[in-house]
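Down below is the structure, laid out as structure tokens.
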Amino acid sequence: MTDGRTPESIPSHPDFLWTSDEPSKPVVERASGEPLRPAMAGVIPGEVGLWVFVLADMSLFALFFLVFMWEGREAPELYAAGTNALVQSLGFVNTLILLLSSWLVVLAVDAHRHERHALVVRELAGALVCAAVFGVVKAFEYSHEVRSGYGPSTDIFFTFYFVLTGIHLAHVVLGSGVLVGWITKARARRPWAPSRRYVEGAAVYWHMVDLLWVVIFTLVYLVHVL
Amino acid sequence: MTAPVESNGGTIPRRATIVWLGLVAATVVTFWLGSRHPLPATSIGLAASIAIMIGIGKAAFIGLEFMELRHAPPGLRYAFLAWCAAVGGGSLLLYVL
């Protein structure tokens, strides 16, 4: 070997693949002393106002979910027929796509905390590609359903299906816009401290979009199958 | 090139990656549970109930791990978990009863 490495500098196991999650490990801090990781501080991710909005939005969806399940008790055959008319594999693929995008967003927050702006841009570009694919799959699904004769006014199941997934899709579009704003900050090489609230807020919103879809997929695509 | 040993943001957060892979696995399991394979009627009810529980479990993990609520003030974390309990428990009750 001609690179001059001594045996002691080579890791004994491939932990170069992983960052350390242990809070005791030293973490880069800003000059102000503000920690990059909120792990030990009990700090609200983003800011309070964000969570008022996020919890309110989630509560609205919770209401939709529970009324959807309630209506299913009144018309179980209708719900079974509706679920069976959906293309479950497309819902499954879309769930995996959003989970991937959420993972990339987690990586992007971590990268931004360490001022790795080029990495942030790449990871967010990946998340946006996921969002675009989600939209394409959803458009294909909608056109398939419409061509098969199902629309929002077909019956109560399909009213819920189109309204729930439609409002969710609007959230995906809005979340994508927020991610684009984040990319702009990363390309401008904005340091962490002034970016924290926006970046964490954008991430929280995107994870909310992901978890709402997880619930939609479970309740609308899977539960009432027969 | 010497591999970096300490965290420098250029590597992959381990815990989040493990959680993500677990979420993917849970999605595969719930998809299998909810897919249209022939089951006797009683098993379908059980499969759907398990799918609801796994589904809300996935949502809880997304909130606790990805949204970093694990490290947030307890009030916020409990508000989120209360949402999960309401949606998951409510859905389960409405489906089963």
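These numbers come from the heavy atoms of this one structure, side chains and all, not from hydrogens, waters or symmetry mates. Residue numbering restarts at 1 for every chain, and letters A, B, ... go by the order of the sequence lines.
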Checklist line | Structural part of A:L99 lying under 4.5 Å from a heavy atom of chain B | finding: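 The answer is both parts of A:L99.
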
Next item on the list: With a 4.5 angstrom heavy-atom cut-off, could you sort out which part of A:S102 is near chain B: side chain, backbone, both or neither?
Entry: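 It is both, since atoms from each part get that close.
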
Notebook entry, point to check: Counting heavy atoms not belonging to A:R190, are there more than 12 under 6.0 Å from its CZ?
Noted result: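 Buried by this count: over 12 neighbours within 6.0 Å.
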
Next item on the list: Answer yes or no: are there more than 12 heavy-atom neighbours, outside B:Y95 itself, under 6.0 Å from its atom OH?
Entry: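 Counting other residues, nucleotides and ligands, OH of B:Y95 exceeds 12 neighbours.
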
Which atoms of [X] approach chain A - backbone, side chain, both or neither, heavy atom under 4.5 Å:
{"X": "B:L23", "answer": "both"}
{"X": "B:V28", "answer": "both"}
{"X": "B:L76", "answer": "side chain"}

Next item on the list: Assess whether side chain to side chain contact (heavy atoms under 4.5 Å, CB included) is satisfied between A:M69 and B:L92, documenting all intermediate values.
Entry: CA-CA 9 Å; A:M69 293 301 290; B:L92 197 58; over 6 Å; no

Next item on the list: Identify, with sequence neighbours excluded, every residue that meets ring pair (Phe, Tyr, Trp, His ring centres under 6.0 Å) alongside A:H168.
Entry: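 Per chain and number, A:H168 pairs via ring pair (Phe, Tyr, Trp, His ring centres under 6.0 Å) with A:F134, A:W213.
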
Item checked: Partner set under ring pair (Phe, Tyr, Trp, His ring centres under 6.0 Å) for A:Y79, not counting sequence neighbours ->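 A:Y79 satisfies ring pair (Phe, Tyr, Trp, His ring centres under 6.0 Å) with A:F68, A:F157, A:H224 only.
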
Check: Once the angle between the rings of B:F31 and A:F217 is folded into 0 to 90°, is it parallel (under 30°), tilted (30 to 60°) or perpendicular (over 60°)?
Finding: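 The rings of B:F31 and A:F217 sit tilted, inter-plane angle from 30° to 60°.
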
Note to self: A:W51 vs B:L69, test: side chain to side chain contact (heavy atoms under 4.5 Å, CB included). Steps then yes/no.
What the structure shows: CA-CA 11 Å; A:W51 282 100; B:L69 286 175; 3.6 Å; yes

Notebook entry, point to check: Under a 4.5 Å heavy-atom cutoff, which of A:V214, A:L211, A:V48, A:V106 has the most pairs with chain B?
Noted result: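 Top count of heavy-atom pairs under 4.5 Å with chain B: A:L211.
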
Margin query: With chain B as the partner, which of A:L212, A:V204, A:L66 has the greatest number of non-hydrogen pairs under 4.5 Å?
Written below: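 Most heavy-atom pairs under 4.5 Å with chain B: A:L66.
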
Check: So, B:E68 and A:R196, do they make that salt bridge, N to O below 4.0 Å?
Finding: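 A:R196 and B:E68: not salt-bridged.
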
Notebook entry, point to check: Should A:W103 and B:I12 be marked as a side chain to side chain contact (heavy atoms under 4.5 Å, CB included) after you check the CA-CA gap, both sets of side-chain angles, and the distance that decides it?
Noted result: CA-CA 10 Å; A:W103 179 67; B:I12 301 169; 3.8 Å; yes

What heavy-atom pair brings [X] and [Y] nearest, and what distance separates the two atoms?
{"X": "A:T218", "Y": "B:G55", "value": "OG1-CA, 3.7 Å"}
{"X": "B:I52", "Y": "A:V223", "value": "CG1-CG2, 3.5 Å"}
{"X": "A:R73", "Y": "B:L93", "value": "NH1-O, 4.0 Å"}
{"X": "B:M67", "Y": "A:P45", "value": "O-CG, 3.3 Å"}
{"X": "B:V87", "Y": "A:A62", "value": "CG2-CB, 3.5 Å"}

Next item on the list: May I ask you to test the A:L104-B:W20 pair for a side-chain heavy-atom distance under 4.5 Å?
Entry: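 When only atoms from C-beta onward are counted, B:W20 and A:L104 do not touch, as no gap falls below 4.5 Å.
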
Notebook entry, point to check: Strictly by modelled atom types, are A:S59 and B:W83 linked by a side-chain donor-acceptor pair under 3.5 Å?
Noted result: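 Distance-only check fails for A:S59 and B:W83.
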
Notebook entry, point to check: How many angstroms lie between atom CD1 of A:I44 and atom CZ of B:R77, to the nearest 0.5 angstrom?
Noted result: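 It is 12.0 Å, given to the nearest 0.5 Å.
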
